[in-house]
Amino acid sequence: MKKILIINSNYYEKISSSLLANAKKNLNTAKYSISIINVAGVFEIPISVKKNIKNFDGSIALGCVIKGQTPHFDLI
């Protein structure tokens with residue numbers, strides 16, 4: 001069984017919970033072993049992938065960046 005890591009940026013909880021639920025639903029039907037790491041924001045996603053890349057067969061990054069008053073949209 002393939003091991004998949006989902007890194008979920010849960011800053012926008014309503015959006016991220018929906019993304020996560022659909023990812024889990026699709027992976028469960030394919031019978032993957034799923035692990036989930038919740039991170040505060042999208043900047044933390046690449047760091048989490050790098051720390052865990054050797055322990056999993058694949059990674060899925062889930063996050064949402066909304067253009068607003070912070071420069072996150074331009075940087076990501």
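Quantities reported herein were computed from a predicted structural model and do not represent experimental measurements.
With values rounded to the nearest 0.5 angstrom, Ser16 atom OG is found 7.5 Å from Asn38 atom CG. For the atom pair CD1 (Ile6) and CD1 (Ile37), the distance works out to 10.5 Å, reported to the nearest 0.5 Å. Once rounded to the nearest 0.5 Å, the distance linking OG of Ser48 with CD1 of Ile7 reads 5.5 Å. With values rounded to the nearest 0.5 angstrom, Ile47 atom CD1 is found 12.0 Å from Asn52 atom CG. Between the CG atom in Leu20 and the CD1 atom in Ile36 there is a gap of 4.5 Å [rounded to 0.5 Å]. In this structure, CD1 on Ile45 lies 8.0 Å from CG on Asn8, to the nearest 0.5 angstrom.
Considering only residues two or more places apart in sequence or on other chains, Asn10 meets the side-chain hydrogen bond (donor to acceptor under 3.5 Å, both in side chains) condition with none of them. For the side-chain hydrogen bond (donor to acceptor under 3.5 Å, both in side chains) test, no residue two or more places apart in sequence or in another chain qualifies with Asn22. Among residues two or more places apart in sequence or in another chain, the side-chain contact (heavy atoms from CB on, under 4.5 Å) test is passed with Leu19 by Ile15, Leu62.
The shortest distance between side-chain heavy atoms of Asn55 and Leu5 does not fall below 4.5 Å. Put simply, the side chain of Leu27 reaches to within 4.5 Å of the side chain of Ile60, judged on heavy atoms.
Atom OH of Tyr12 is surrounded by more than 12 heavy atoms from other residues, nucleotides or ligands within 6.0 Å.
Hydrophobic clustering, with ILVMFWY side chains joined whenever heavy atoms are under 4.5 angstrom apart, groups Val39 together with Ile53.
Contact record, Lys31 with Met1: O-CG, 3.3 Å, taken as the closest heavy-atom pair. Here the closest heavy-atom approach between residue Ser9 and residue Gly63 is recorded as CB-CA, 4.0 Å.
In this structure, Lys3 is positioned above the aromatic face of Phe56, its NZ or CZ under 6.0 Å from the six-membered ring centre and within 45° of the axis.
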